[in-house]
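Notes follow once the structure below has been shown.
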Protein chains: 2
Amino acid sequence: MREPGRGVMSHQTEADRVLRSLGHSACIEHDPDVLRSVLDRVGDKWSLILIGLLDKGPMRFTELLRTAPGISRRMLSLTLRNLERDGLVTRKVFPEIPPRVEYEVTPFGRTLSEPVLALARWAADHEGTIRANRRAFDQAAGLD
Amino acid sequence: MREPGRGVMSHQTEADRVLRSLGHSACIEHDPDVLRSVLDRVGDKWSLILIGLLDKGPMRFTELLRTAPGISRRMLSLTLRNLERDGLVTRKVFPEIPPRVEYEVTPFGRTLSEPVLALARWAADHEGTIRANRRAFDQAAGLD
DNA sequence: CAGCATCCGCTATGATACTG
DNA sequence: CAGTATCATAGCGGATGCTG
């Protein structure tokens with residue numbers, strides 16, 4: 001997640017450069033740069049969570065603020081803007097008082113949640129293994 | 001990438017609850033803490049890059065240092081140790097002079113590269129769309 | 001309510017030098 | 001070669017207050 005400030009995140013440049021380097025979308029080998037760029041986009045925890053939450057339906061700002069416990073206004077705002085910028089979610093303002101704004105995942109965004117959820121599923125499926133591995137490793141290390 | 005040992009899964013219990021809730025569609029109603037920590041691990045750029053690189057075959061330390069674009073010795077060392085700790089890669093030392101160490105993805109690690117590559121594929125497939133979206137968004141914002 | 005702007009601490013990460 | 005130890009720093013992300 002990039003800084004707010006004035007001009008929109010000015011340094012998404014690296015990920016962009018990286019994506020450019022790969023050229024076409026045909027068959028993607030294990031290009032390190034691509035992996036990196038993907039993670040830059042959706043790898044941060046709030047993007048993941050928001051994509052996941054919004055996948056179930058439109059939500060308002062404060063609603064998201066409440067539902068994603070631990071997120072700050074700042075990060076929610078920032079993250080939503082980035083997601084909107086990438087065309088993954090839409091922002092709809094209702095001219096009412098008090099103001100109401102709803103965020104919704106775009107069809108494009110839904111194509112993303114698929115692989116993202118696949119990863120989450122992997123994490124869930126192998127949660128136990130990882131935990132065990134860590135314990136074993138830590139214990140072995142502690143025996144020195 | 002957190003330092004080995006302690007330090008990671010000690011916070012963000014709230015966000016974890018969220019991940020669980022959003023996981024309704026995918027069976028990820030497991031321990032949110034570990035889930036988060038796993039996603040953190042999987043989510044950081046160097047881990048993914050290394051998993052991707054090593055997926056093609058065993059590699060030596062310096063070899064990885066050269067191949068992974070921009071990684072520092074420190075991060076390579078740290079990341080490899082964490083991957084090893086999670087049982088995703090193995091570290092094999094050859095008693096030679098000069099010393100040689102080879103890292104290799106475990107079968108367990110290979111189950112991870114699958115979803116990872118799915119994500120990478122998504123990035124490749126939608127690279128153009130994202131860049132176009134960003135350009136459009138930035139330009140629209142600049143008209144104010 | 002939605003959401004910027006400001007201040008700021010923390011830590012993840014890079015650069016460098018040293019060791020076995 | 002394969003790391004480790006140390007230092008310095010950028011920028012992520014939280015807290016808060018202000019505005020429309």
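Order of the sequence lines fixes the chain letters, A, B, ..., with proteins taken first and strands second; residue numbering starts at 1 for each chain.
Computed from coordinates, the N82(B) CG to dT13(C) C1' distance equals 14 Å when rounded to whole Å. Rounded to a whole Å, the CG atom of L76(A) is 14 Å from the P atom of dC1(C). Rounded to an integer number of Å, the gap from CD of E96(A) to P of dG20(D) is 20 Å. Residue W46(B) contributes atom CH2, which lies 10 Å from atom C1' of dG14(C) at whole-angstrom precision. If you measure from atom CE of M75(A) to atom C1' of dT16(D), you get 16 Å, rounded to the nearest angstrom. In this structure, I71(A) places its CD1 atom 13 Å from C1' of dC12(D), rounding to the nearest Å.
Residue E63(A) places its CD atom among more than 12 non-hydrogen atoms of other residues, nucleotides or ligands, all under 6.0 Å distant.
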Go through the steps to decide whether R60(B) and R100(B) satisfy the test side chain to side chain contact (heavy atoms under 4.5 Å, CB included), and finish with yes or no. CA-CA 7 Å; R60(B) 305 178 55 172; R100(B) 183 163 61 119; 3.3 Å; yes
Q: Give the C-alpha distance, both sets of side-chain angles, the deciding distance and a yes or no for side chain to side chain contact (heavy atoms under 4.5 Å, CB included) between D55(A) and R110(A).
A: CA-CA 7 Å; D55(A) 196 57; R110(A) 288 191 189 282; 3.0 Å; yes
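Using a 30° and 60° split on the angle between ring planes, F108(B) and W122(A) fall in the parallel class, below 30°.
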Under a 4.0 Å heavy-atom criterion, the protein footprint on nucleotides 2-8 of chain D, written with B, S and -, is BBS-B--
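For the side-chain contact (heavy atoms from CB on, under 4.5 Å) criterion with L83(B), the lone passing option out of T106(B), L112(B), L78(B), V89(B) is V89(B).
Between I51(A) and S113(A), the closest heavy-atom pair is CG2-CB, 3.8 Å.
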